[in-house]
Amino acid sequence: MDKNFKLLINGQLVSGDMSMPVINPATGAEFAQSPRASQKQLDEAVRAAKAAFPAWSLRPIGERRELLLSLASEMERRAPEFAALLTKEQGKPSNQAMFECLGCAYIARGISQFTIESSVLQDDETKRVVEYRQPLGVVAAITPWNFPLILLFNKLAPALLAGNTLVIKPAPTTPLTSLLLGEVCADIFPRGVVNVIADANDLGAALTQHPDVAKIAFTGSTATGMKVMSSAASGIKRVTLELGGNDAALVLEDADVAETARKVFDGAMLNAGQICVAIKRVYVPDEMYDAFCAELARLAIEMVVGDGDAPATQLGPIQNRAQFEKLCDLLAVSRREGNVIAGGEPLARAGYFIPPTIVRDIPDSAEIVQEEQFGPILPVLKYSDVSDAIRRINESKYGLGATVWGKSVARAEAVALCIDSGSIWVNKHMDIAPNLPFRGFKQSGLGAELGQAGLDEYTQAKVVNVARG
Ligand code: ADP
């Protein structure tokens, strides 16, 4: 690729002190070079964000909102360009890449509708007490490689609307779309308000420990989330952590087999299963088990796997070699401990391709059931008593999302409430919207993203208490 990508530091598009290759996961070959920031450039980015903070935080929220809306418009205008680059570096099919890019504008517009208000807590003859909310300062936004853009917008939009400044650090295998976003931001926001750096997985600790970073907004694995939280401890920094999940789909006896299997399948395979809230295990009643498994296998065999650039592709490659190798190991576990009825072997071609795989007759103790696979391998588990299925679902250390499927909505809703997750969808999957707070239970996260609650996470409440009389 000819394009010369740059970091954005203090309003300037600059070369990295180093560079690094970016791999197209559909070929396994390098297709572009990315700038790579040094520790010195990281410090410059934080310094620029700190210097930009006073003026940006004092601007009326209406002005910040207007600039955010300009960014939303630019994302819409340039969505085809962003989507093509996203498919190249991330691997997802073009239509899903386009959906992600337009989703960024949707998030920015949705968050823009919120406001930050002070509230009067008490006002009488003894005292007047007002709670104000003010921005925090420099926010470090650290993002993963599965949805490099939209997960960034979940952080960027509320951080900027609330009056914070940003240092953005994408994952090392998907830096380019964030760097392109930096180019767009350079033309919209004042100098230093948005900074974008890229690393080779070596600057995360320095960024999270930096004394001038007030808050860390992180999406990634639970293991890395733990490191982020301990880095934050030194300065009692604010954190929001959106971490792993092992989301269960619970199919009730009155669910329609064909329709539910199709929706569960889509919820497991979208983005090649590389979604924190992808369906990662499905619990099916005894009497429906064979028919449900057969339907899932039929859908898996029909699915078109290939390069995200090819128009017919429904399932793209795994984003990076490390994740691909982890999934190859989980395929071996699935073959050994269960009964694989579709897929089961990596594709014998260049790139990191795992076909949609359905595994039945597998015990709860198998690694593919216990751990987050983050790939297109779906274990199907049998149950005879729904309360026992709920118990098995809740044994997980994770609690991000879950789905419940059944014709009696009242019953499905009652069952949904028994599942220990931040979001539980009934008869649908992954309805994430800017007005709905998204959170993780247990080791799936801390704090909220999106919604008013998500915006409030980018502010500090101050209570001013005035004597009367
Ligand atoms: P994976 O394990 O799938 O590669 P991670 O959760 O480690 O994903 O990565 C998510 C993001 O966290 C990436 O941007 C990565 O560079 C960053 N990161 C990795 N290590 C650290 C760390 N110690 N502190 C902060 N961020 C980190």
Side-chain angles (χ1 to χ4, degrees), residues 7 16 18 20 22-23 25 34-37 39 41-42 45-46 89-91 138-156 166-179 181-182 195-211 213 215-235 237-246 271-278 280 317-327 329-330 352 354 371-375 398 400 440 443-446 449:
L7 309 174
M18 294 167 282
M20 58 187 184
V22 185
I23 307 293
S34 170
R36 177 179 162 196
Q39 170 80 43
Q41 288 180 309
L42 160 67
V46 176
E89 72 171 354
Q90 203 284 331
V138 178
V139 171
I142 301 181
T143 51
W145 43 257
N146 58 339
F147 285 89
L149 279 173
I150 203 155
L151 294 174
L152 175 54
F153 268 74
N154 287 355
K155 299 164 180 53
L156 172 151
L166 275 170
V167 177
I168 293 166
K169 194 207 78 60
T173 54
T174 53
L176 301 180
T177 43
S178 297
L179 295 170
L181 183 72
N195 302 272
V196 187
I197 58 171
D199 74 340
N201 242 349
D202 56 339
L203 292 180
L207 180 57
T208 51
Q209 284 163 15
H210 199 296
V213 168
K215 175 189 163 104
I216 304 151
F218 174 82
T219 301
S221 63
T222 294
T224 307
M226 288 178 186
K227 291 186 199 161
V228 169
M229 203 165 163
S230 67
S231 288
S234 60
K237 293 188 171 104
R238 282 25 181 181
V239 283
T240 42
L241 303 175
E242 203 261 271
L243 308 177
N246 191 6
N271 209 38
Q274 302 165 112
I275 308 185
C276 53
V277 290
K280 300 198 175 113
I318 301 307
Q319 200 282 316
N320 58 73
R321 172 165 283 281
Q323 182 61 18
F324 173 73
E325 285 171 357
K326 180 184 151 190
L327 288 167
D329 290 346
L330 286 174
Y352 312 137
I354 303 279
E371 292 300 325
E372 176 179 38
Q373 65 273 49
F374 221 67
Y398 296 112
L400 195 58
Q443 293 187 25
S444 285
L446 195 67
E449 279 204 322

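Note that ligands are numbered from 1 as they come in the structure, with each ligand's atoms numbered from 1 the same way. Reckoned from all heavy atoms, side chains included, excluding hydrogens, waters and symmetry mates.
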Quiz item: Would Val139 and Leu166 satisfy side chain to side chain contact (heavy atoms under 4.5 Å, CB included), going step by step from the backbone distance to the final call?
Solution: CA-CA 5 Å; Val139 171; Leu166 275 170; 3.9 Å; yes
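- Shown in contact with Ala205 at under 4.0 Å from a heavy atom are these atoms of ligand 1, numbered in order with element: 22 (C), 24 (N).
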Practice problem: Applying side chain to side chain contact (heavy atoms under 4.5 Å, CB included), run through Leu327 and Ile318 and close with a yes or a no. | Solution: CA-CA 9 Å; Leu327 288 167; Ile318 301 307; 3.6 Å; yes
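- Per-residue contacts place Pro172 under 4.0 angstrom from the following atoms of ligand 1 (heavy atoms of the residue considered): 16 (O).
- Within ligand 1, counting atoms from 1 as listed, the ones closer than 4.0 Å to a heavy atom of Pro170 are 14 (O).
- Thr174 and Gln319 are not linked by any side-chain donor-acceptor pair at a separation below 3.5 angstrom, with hydrogens and angles left out of the test.
- Atom CE of Met229 has 12 or fewer neighbouring heavy atoms from other residues, nucleotides or ligands inside a 6.0 Å radius.
- Not a single protein heavy atom sits closer than 4.0 Å to atom 9 (O) of ligand 1.
- A donor atom on one side chain and an acceptor atom on the other are found under 3.5 Å apart for Lys215 and Thr240.
- Nearest protein neighbour of atom 12 (O) of ligand 1, counting heavy atoms only, is Phe218 CE1, 3.2 Å.
- When only interatomic distances are considered, the shortest N/O to N/O separation between Asp199 and ligand 1 does not fall below 3.5 Å.
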Practice problem: Give the intermediate values and the outcome of side chain to side chain contact (heavy atoms under 4.5 Å, CB included) for residues Trp145 and Gln323. | Solution: CA-CA 11 Å; Trp145 43 257; Gln323 182 61 18; 3.7 Å; yes
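- Interface atoms of ligand 1 facing Ser221, defined by a heavy-atom separation under 4.0 Å, are 2 (O), 5 (P), 6 (O), 7 (O).
- For ligand 1 and Trp145, the ligand atoms under 4.0 Å from any heavy atom of the residue are 1 (P), 3 (O), 4 (O).
- For Glu89, the salt bridge (Lys or Arg N to Asp or Glu O under 4.0 Å) test picks out no residue, with sequence neighbours left out.
- No hydrogens or angles considered: a donor-acceptor pair under 3.5 Å links the side chains of Lys155 and Thr219.
- Atom numbering of ligand 1 starts at 1 in the shown order; those under 4.0 Å from a heavy atom of Thr143 are 11 (C), 13 (C), 14 (O).
- For atom 23 (N) of ligand 1, the nearest protein heavy atom (residue, atom name, distance) is Lys227 CD, 3.8 Å.
- Listed by atom number, the atoms of ligand 1 under 4.0 Å from Ile142 heavy atoms are 11 (C), 12 (O), 14 (O), 17 (C), 25 (C), 26 (N).
- Listed for the Asn201 side chain is no donor-acceptor partner under 3.5 Å among the backbone atoms of Pro172.
- For atom 7 (O) of ligand 1, the nearest non-hydrogen atom of the protein is Thr224 OG1, 2.7 Å.
- Distance from atom 26 (N) of ligand 1 to its nearest protein heavy atom, with residue and atom name: Gly204 CA, 3.6 Å.
- Between Phe374 and ligand 1 there is no heavy-atom distance shorter than 4.0 Å.
- Across Asn320, Val228, Asn201, heavy-atom proximity to atom 19 (C) of ligand 1 is greatest for Asn201.
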Practice problem: Kindly indicate, with the supporting measurements, whether the criterion side chain to side chain contact (heavy atoms under 4.5 Å, CB included) is fulfilled by Lys227 and Thr208. | Solution: CA-CA 9 Å; Lys227 291 186 199 161; Thr208 51; over 6 Å; no
